[in-house]
Protein chains: 2
Amino acid sequence: MEVKLPTFNSVFSIDCVIFGFEAGELKILLIERNEEPFKDWLALPGYIVEQDESIDDAAERILYELTGLRDLHMQQFHTFGEVDRHPQGRVITVAYYALIRINGQKEVKPITQYAKNAFWHPVNDLPKLAFDHTEIFETGFNKIRRRLNYQPIAFELLPEKFTLTQLQSLYEAVLNKKLDKRNFRKKMLSYGFLKELDEKQKGVSYRAAKLYKFDRRKYTKIFQNDLNLDK
Amino acid sequence: MEVKLPTFNSVFSIDCVIFGFEAGELKILLIERNEEPFKDWLALPGYIVEQDESIDDAAERILYELTGLRDLHMQQFHTFGEVDRHPQGRVITVAYYALIRINGQKEVKPITQYAKNAFWHPVNDLPKLAFDHTEIFETGFNKIRRRLNYQPIAFELLPEKFTLTQLQSLYEAVLNKKLDKRNFRKKMLSYGFLKELDEKQKGVSYRAAKLYKFDRRKYTKIFQNDLNLDK
DNA sequence: AATATACTGTGTCAAATTTACACCATTAAA
DNA sequence: TTTAATGGTGTAAATTTGACACAGTATATT
């Protein structure tokens, strides 16, 4: 923006694509809308930005109000600004993604009345979504697919302690292809940022696997000289 | 955006980081502002989005009005939404980049009175810019650095016919490091999307180099199975 | 005509990385 | 004790990357 301000020229919103991983499946968080337009439709959690909050702050607040989730690391990925994307007027939306451990999170549920409820849905079988939310989802999914290879996003989706098989099945779910077990392990371990624990998986009816932890300090050290990958 | 529209809540703008390549140097397009705030400061070309145009359309229009440049392939890369980024009020801006051949373009010059003039400036020696434009530039520069490796953006900066040395020096300018000549050529040619022409460089006082063309059809064919890289 | 200048264009080998590939070990349940 | 299910492991070939140097050619200069 370059000159004296005109009056406001648009409505500005945030939409969130929240990924979770559960039972070997990649899921996203959807809400059931409780207001027109698209009342009763499924949609991404999203709402309008306030004038006195940054868009990053707005993303956190909105996600919380619609789903009860807090303190996720949200990352902007694209802004959608087609004139007709909202049936009631000009609304420009900034899309964010976040990744979250589904297990160990309290149930998701809306805090405000704008959503009837919120729930996890597998990405492989998404219904039609309100507005242009299908496109927003797909754009976001493509982003995390790419980023999986150069950012430590997998570890935000897994429990703190995880097995290498779990890690692999997450990669397979995101990339949508099978990986070779031995090569995958060799590679992951070669990075040096996985810490092997003196602990094993519990509650399985077969040989328990070793648990690992992601060591963010080491990761940062190893990749500190890379280009800034944020934004 | 999810519910009935409130009145407009913000001003919405576009800022452009336009890269060009000339005399072995990477440059961006700056304007000299002609209005408050930041009157007489240098800034990225940018302006306010109209209500009846998509943000992609706005980006093209605004760039044209401030610099006379048209029909560039502009690519959104980040949205800046800090509350205080504009001294006069809430302005959210979507930043775009584009790449352009400086040579063979007509002179850049503003069409509207919002900018006094427009000119190319080397990226290595940028002055202080208005607003948060220095941050916007840096974010954009990091983006194209990354994308250089998986998108054919180099060829938008070079003339249609170019030598491998020119291509290499562009890579060196963007990545800010020296590359090995033989390895660079081997690799580039191995992709198979460079077409060798029956033509040589002219007007140099030493052995003329072969000219090449970028074959976008072949490029697309080769990489058609990759993830969608737009957005 | 000879020489200087400046850049073009090329190949090999070692090292590192990636890929393909299969079976025994362990645990719990039946 | 047997079955079911997954855990955990190594090697060799192929590919890719990285390091490295000099003769060839067009022009300008003398």
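Order of the sequence lines fixes the chain letters, A, B, ..., with proteins taken first and strands second; residue numbering starts at 1 for each chain.
Taking the ring centroids of B/F162 and B/Y212, they lie at or beyond the 6.0 Å cut-off.
One atom, CG of B/L189, and another, C1' of C/dT10, lie 11 Å apart when rounded to the nearest Å. Between the CD atom of A/E172 and the C1' atom of D/dT6 there is a distance of 14 Å, given to the nearest Å. Here D/dA13 presents its P atom at 14 Å from NZ of A/K186, a figure rounded to the nearest Å. Following rounding to the nearest Å, A/M188 (CE) and C/dT17 (C1') show an atom-to-atom distance of 15 Å. Atom CZ of A/F184 and atom C1' of C/dT17 are 17 Å apart (whole Å). Atom NZ in B/K187 sits about 21 Å away from atom P in C/dG9, given to the nearest Å. The nearest whole Å value for the distance from the CD atom in B/Q166 to the P atom in C/dG9 is 11 Å. One can place OH of A/Y206 at 15 Å from P of C/dA30, the figure rounded to the nearest angstrom.
Both cation-pi conditions hold for A/R146 and B/Y150: the charged atom is under 6.0 angstrom from the six-membered ring centre and inside a 45 degree cone around its axis. In this structure, A/R145 is positioned above the aromatic face of A/F141, its NZ or CZ under 6.0 Å from the six-membered ring centre and within 45° of the axis.
Between A/T165 and D/dG7 there is a side-chain N or O to OP1 or OP2 distance below 4.0 Å. Put simply, B/R185 has a side-chain N or O that comes within less than 4.0 Å of OP1 or OP2 on C/dG9.
Closest of all the heavy-atom pairs between B/C16 and B/L44 is O-CB, 3.5 Å. When all heavy atoms of B/A98 and B/H73 are compared, the pair lying nearest together is CB-O, 3.8 Å.
Toward the 5′ end of DNA chain D lies the nearest nucleotide of A/Y212, the other residue of the pair B/A208 and A/Y212 mapping further downstream. Of the two residues near DNA chain C, A/S205 and B/N183, the one whose nearest nucleotide lies more 5' is B/N183. Nearest-nucleotide assignment on DNA chain C puts the 5′-proximal partner with A/D180, out of A/D180 and A/V204.
Within the nucleic acid shown, B/K210 comes within 4.0 Å of sugar-phosphate atoms alone, with no base atom in reach, counting heavy atoms only.
The base of C/dT8 lies close enough to the side chain of B/R207 for a donor and an acceptor atom to sit less than 3.5 Å apart.
You'll find that the side chain of A/K181 is closest to D/dG8, out of C/dA22, C/dT10, D/dG8.
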